[in-house]
Amino acid sequence: MTAHYSIHDNIAVITLDNPPVNSMGIVTRTAIGEGVAKAIADASVAAIVITGANGIFTGGADIREFGLPVGMQSPNLHDLIRTFEASPKPVISAINAVSMGGGTEISLSVHYRVAAPNVKIGLPEVKIGLLPGAGGTQRLSRVAGPELALQMIVSGDAVTAEVLRDAGAIDRIIEGDFLTGAVAFAREVATQRPLPLARDRVIDFPNAAAFFAEAKASVKAANPHYPAPLACVEAIEASVLRNFDDGLAYEFTRFTELLDTPESAELRAAFFATRAAKKPPKTGE
């Protein structure tokens, strides 16, 4: 299995274990979905914690599946996110180490987020010519504010958990033994209702028109040959100007458009070439 299920007293723990980076291809997504369903069905379970093995939370979606039918095969990231949001029991994302891309989007969709000190959390899709396609632009701007969301998503650079905690996106930094602390937090919130969701937060951003006009002009000037950075700005703008579902639909439309661009194909090919060059040669070669 690429995700292990265990019980710590009355808390279910789902641990992503798909080396080297716990990428969330179809097998891992299926294991996560099965684990959540099992926890929801178990009357003795009060809350659900999702964390990672191998010294990482998750590197996100499996890029090899992008543009292929398997990438949207159920359960896809959108299906998992709907499952988390509909859960009658609290779902806690316990970010033990690096979290990128789709993993960060999953964390934004659950009810609570805890993290180890100084872990790096990011949405780097722009670096392969894309934007977050599973609600990242819509949820991050709601939990951390449009300015930090724009900074992270347009640059693709990760920030520390402390930065996100200070912005309101991380509920607690866990010192000491991480899993013990995450399970203890889950027990604290197990009976709290209603369960908080990023999609329900209202963005109060009165200077939106001027802010996004300036941001779009700046990004256009800095990236004249790549469409993704501007699309990121426009998707974040949609999170402010549209309701959540309309913004989510807009984000996914832009994601699918970018997926078909030659610029994204070029950047993804470069990514795979770089990763292949870093692999040690096989014995005998």
Side chain to side chain donor-acceptor pair (under 3.5 Å) involving E162 - partner list, sequence neighbours excluded: none
For Y5, side chain to side chain donor-acceptor pair (under 3.5 Å) partners two or more places apart: none
Are [X] and [Y] close enough that some pair of their side-chain heavy atoms sits under 4.5 Å apart?
X	Y	result
E251	L131	yes
H8	L179	yes
E257	T253	yes
M152	V159	yes
R187	D9	yes
I14	V49	no

Stepwise side-chain contact (heavy atoms from CB on, under 4.5 Å) check, V240 with F212: CA-CA 10 Å; V240 177; F212 285 109; 3.9 Å; yes
Which pair of non-hydrogen atoms, one from [X] and one from [Y], has the smallest distance, and what is that distance?
X	Y	value
E105	G135	OE2-N, 3.2 Å
S87	I48	OG-CD1, 4.2 Å
I173	A116	CG2-C, 4.1 Å
A198	V143	CB-CG1, 3.5 Å
G129	L258	O-CB, 3.6 Å
P117	E175	CG-OE1, 3.5 Å

With the 4.5 Å side-chain cut-off for hydrophobic clustering, are [X] and [Y] part of the same group?
X	Y	answer
L241	I153	yes
Y112	I121	no
L150	V126	no
V119	V114	no
I7	F178	no

S239/T137 under side-chain contact (heavy atoms from CB on, under 4.5 Å): CA gap, chis, key distance, verdict: CA-CA 7 Å; S239 76; T137 63; 5.8 Å; no
Pairs meeting criterion salt bridge (Lys or Arg N to Asp or Glu O under 4.0 Å) with involvement of residues 210-238, two or more places apart: K216-E237, E234-R254
Residue pairs involving residues 85-103 (criterion salt bridge (Lys or Arg N to Asp or Glu O under 4.0 Å); sequence neighbours excluded): E85-R139, E85-R199
Working for side-chain contact (heavy atoms from CB on, under 4.5 Å), residues L80 and F84: CA-CA 6 Å; L80 288 181; F84 300 148; 4.2 Å; yes
Can you tell me how far the [atom1] atom of [X] sits from the [atom2] atom of [Y], to the nearest 0.5 Å?
X	Y	atom1	atom2	result
H225	E266	NE2	CD	11.0 Å
R64	R268	CZ	CZ	14.0 Å
D171	L164	CG	CG	11.0 Å
F255	E125	CZ	CD	7.5 Å
R113	I170	CZ	CD1	6.5 Å
L123	L130	CG	CG	12.5 Å

Using atom types as modelled and distance alone, determine if a side-chain donor or acceptor of [X] lies under 3.5 Å from a backbone N or O of [Y].
X	Y	value
N207	A210	no
S109	I106	yes
N76	D79	yes
T58	G60	yes

Run the side-chain donor-acceptor check on residues 90-103: report pairs under 3.5 Å with partners two or more places apart or on a different chain.
residue: S93; atom: OG; partner: S107; partner atom: OG; Å: 2.5
residue: N96; atom: OD1; partner: T51; partner atom: OG1; Å: 3.4
residue: N96; atom: OD1; partner: G52; partner atom: N; Å: 3.2
residue: N96; atom: ND2; partner: G52; partner atom: O; Å: 3.0
residue: S99; atom: OG; partner: T104; partner atom: N; Å: 3.4
residue: S99; atom: OG; partner: T104; partner atom: OG1; Å: 3.0

Cation-pi geometry met for R242 and Y250 (6.0 Å, 45°): yes
Worked check of side-chain contact (heavy atoms from CB on, under 4.5 Å) between R201 and F244: CA-CA 9 Å; R201 295 201 192 183; F244 181 82; over 6 Å; no
Residues 26-41, side-chain donor-acceptor partners within the protein, below 3.5 Å, at least two apart:
residue: T28; atom: OG1; partner: T2; partner atom: OG1; Å: 3.0
residue: T28; atom: OG1; partner: N18; partner atom: ND2; Å: 3.2
residue: T28; atom: OG1; partner: S23; partner atom: O; Å: 3.3
residue: R29; atom: NE; partner: P75; partner atom: O; Å: 2.6
residue: R29; atom: NH1; partner: M24; partner atom: O; Å: 3.0
residue: R29; atom: NH1; partner: E65; partner atom: OE1; Å: 2.9
residue: R29; atom: NH2; partner: V70; partner atom: O; Å: 3.0
residue: R29; atom: NH2; partner: Q73; partner atom: O; Å: 3.4
residue: T30; atom: OG1; partner: I26; partner atom: O; Å: 2.8

D42 side chain to S44 side chain, donor-acceptor N/O pair below 3.5 angstrom: yes
Modelled atom types, side-chain donor and acceptor of N22 and D17, under 3.5 Å: no
Pair F252 + H78: ring centers closer than 6.0 Å: yes
